[in-house]
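Heads up: the structure comes next, in structure tokens.
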Amino acid sequence: MQHLKPERKLAETTTRSGARLTLNEHDGSYAIRLNGQNLMNSACAASELLLGELAVAALPDQATPSVLIGGLGLGFSLQSVLAKTGPAATVHVAELIPQIVDWNREFLTAVNGKLVDDPRVTIFTDDVWNVLTHATRDRYDALLLDIDNGPTAMVQQPNARLYNPKGIRLMLSALKPGGRAAIWSAAPDHAFADRLAQAGFQVKAIPAKLYANAKRHGCTIYIADKV
């Protein structure tokens with residue numbers, strides 16, 4: 001009889017809104033959960049890797065690309081961006097919850113935790129909204145948002161503003177001409193795609209799998225190119 005390995009809770013914190021956020025490990029896989037519901041899991045990171053890849057796909061010829069990632073999570077988007085950009089890249093990561101940064105360093109070195117201290121990386125323990133608000137115009141070549149559950153907020157209700165017209169204008173302003181925003185969404189959101197297009201972005205919706213051998217697509221990545 002096979003013995004199932006027990007799940008371990010490695011750490012816990014409370015978000016600003018009072019929700020319980022936990023880091024759990026089971027049989028080599030790590031999960032961050034909100035009030036017991038999976039937010040992200042290291043066993044199904046295919047869409048986060050694709051998000052990073054798509055965001056910087058147009059940058060291989062640039063010697064010193066500048067990238068902003070909204071949301072550190074388990075670090076898979078960061079892994080993908082660092083793998084696809086050169087040694088002179090500048091990568092800013094905005095992570096609202098400081099404990100997630102700490103957990104990466106303390107518990108997740110076998111996942112992507114070491115990347116937090118890559119010399120190309122600067123971590124802002126801040127809301128990506130604030131980082132975008134304070135960014136100079138035409139600051140970034142690429143912008144990735146893997147915040148909450150996409151346009152339908154689940155963790156922090158204020159995150160919804162990122163996907164509204166004002167948030168989209170902030171993204172547009174922060175991107176260089178020809179720059180690209182890549183946005184993770186738990187489900188297709190045609191109204192959001194329309195808002196991106198109305199702001200002046202060229203928009204594509206890319207169906208994505210949550211894990212590599214999934215039979216169907218489990219989320220959507222929106223690509224928004226600044227003309």
Side-chain angles (χ1 to χ4, degrees), residues 39-40 45-60 62 65-73 76-78 80-81 84-85 90-96 124 126-210 216-227:
L39 271 184
M40 56 202 81
S47 65
E48 288 99 321
L49 291 167
L50 181 61
L51 180 74
E53 193 175 312
L54 289 171
V56 298
L59 299 181
Q62 289 202 223
S66 183
V67 182
L68 172 62
I69 301 175
L72 172 62
F76 285 100
S77 296
L78 176 61
S80 190
V81 165
K84 300 287 181 183
T85 53
T90 298
V91 181
H92 292 166
V93 181
E95 174 53 62
L96 180 64
F124 300 110
D126 199 354
D127 192 323
V128 71
W129 176 273
N130 296 332
V131 178
L132 285 168
T133 301
H134 295 116
T136 53
R137 191 170 182 84
D138 302 343
R139 172 71 180 84
Y140 294 105
D141 295 290
L143 163 64
L144 294 73
L145 284 187
D146 188 3
I147 298 285
D148 218 324
N149 237 16
T152 307
M154 184 171 113
V155 183
Q156 304 276 350
Q157 199 51 47
N159 286 331
R161 62 187 174 173
L162 277 168
Y163 306 97
N164 290 336
K166 187 176 179 185
I168 290 168
R169 286 197 298 274
L170 281 177
M171 292 185 227
L172 196 66
S173 173
L175 280 170
K176 295 176 186 175
R180 168 173 285 187
I183 301 127
W184 192 97
S185 178
D189 191 321
H190 303 299
F192 173 59
D194 288 345
R195 291 194 296 274
L196 287 168
Q198 285 160 11
F201 280 110
Q202 287 186 337
V203 185
K204 281 185 201 163
I206 313 283
K209 294 178 178 182
L210 294 174
R216 56 177 63 110
H217 298 110
C219 61
T220 301
I221 295 172
Y222 285 97
I223 299 298
D225 289 325
K226 181 174 176 178
V227 183

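All of these numbers come straight from a predicted model, not from anything done at the bench.
The backbone N or O of Ala208 sits nowhere less than 3.5 Å from a side-chain atom of Ser47 that would complete a donor-acceptor pair. A donor-acceptor pair is defined here as one N or O able to donate and one able to accept, closer than 3.5 Å; such a pair exists between the side chain of Lys226 and the backbone of Leu175. Using modelled atom types, no side-chain atom of Ser173 and backbone atom of Arg169 make a donor-acceptor pair closer than 3.5 Å.
Contact of the Glu53 side chain with the Leu49 side chain is not registered, since no non-hydrogen atoms from C-beta on lie closer than 4.5 Å. Looking only at side-chain heavy atoms (C-beta outward), His92 and Arg139 come within less than 4.5 Å of each other. Side-chain contact between Leu132 and Leu143 is present, with heavy atoms from C-beta onward closer than 4.5 Å. Looking at Ile223 and Val203, their side chains never come closer than 4.5 Å, going by heavy atoms from C-beta outward. When side chains are defined from C-beta on, Phe124 does not count as touching Asn130, because their heavy atoms never get closer than 4.5 Å. When side chains are defined from C-beta on, Tyr163 counts as touching Ile147, because their heavy atoms get closer than 4.5 Å. Contact annotation: the side chain of Leu170 approaches that of Thr133 to within less than 4.5 Å [non-hydrogen atoms, C-beta and beyond]. Contact of the Ile69 side chain with the Val81 side chain is registered, since non-hydrogen atoms from C-beta on lie closer than 4.5 Å.
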Tell me, with the steps shown, if Leu78 and Val93 meet side chain to side chain contact (heavy atoms under 4.5 Å, CB included). CA-CA 8 Å; Leu78 176 61; Val93 181; 4.1 Å; yes

Could you please spell out the steps behind the side chain to side chain contact (heavy atoms under 4.5 Å, CB included) verdict for Cys219 and Trp184?
CA-CA 8 Å; Cys219 61; Trp184 192 97; 3.5 Å; yes

Subject >> Full working for side chain to side chain contact (heavy atoms under 4.5 Å, CB included) between Leu145 and Met171 >> reply: CA-CA 10 Å; Leu145 284 187; Met171 292 185 227; 3.6 Å; yes

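Only one option out of Leu162, Leu144, Asp146 pairs with Val128 in a side chain to side chain contact (heavy atoms under 4.5 Å, CB included); it is Leu162.
With rounding to the nearest 0.5 Å, the separation of NZ in Lys176 from CG in Asp141 is 3.5 Å. Taking CG of Leu59 as the reference point, atom OG1 of Thr85 lies at 8.0 Å (rounded to 0.5 Å).
Annotation for Asp127 and Arg161: closest pair OD2-NH2, 3.2 Å, computed over non-hydrogen atoms.
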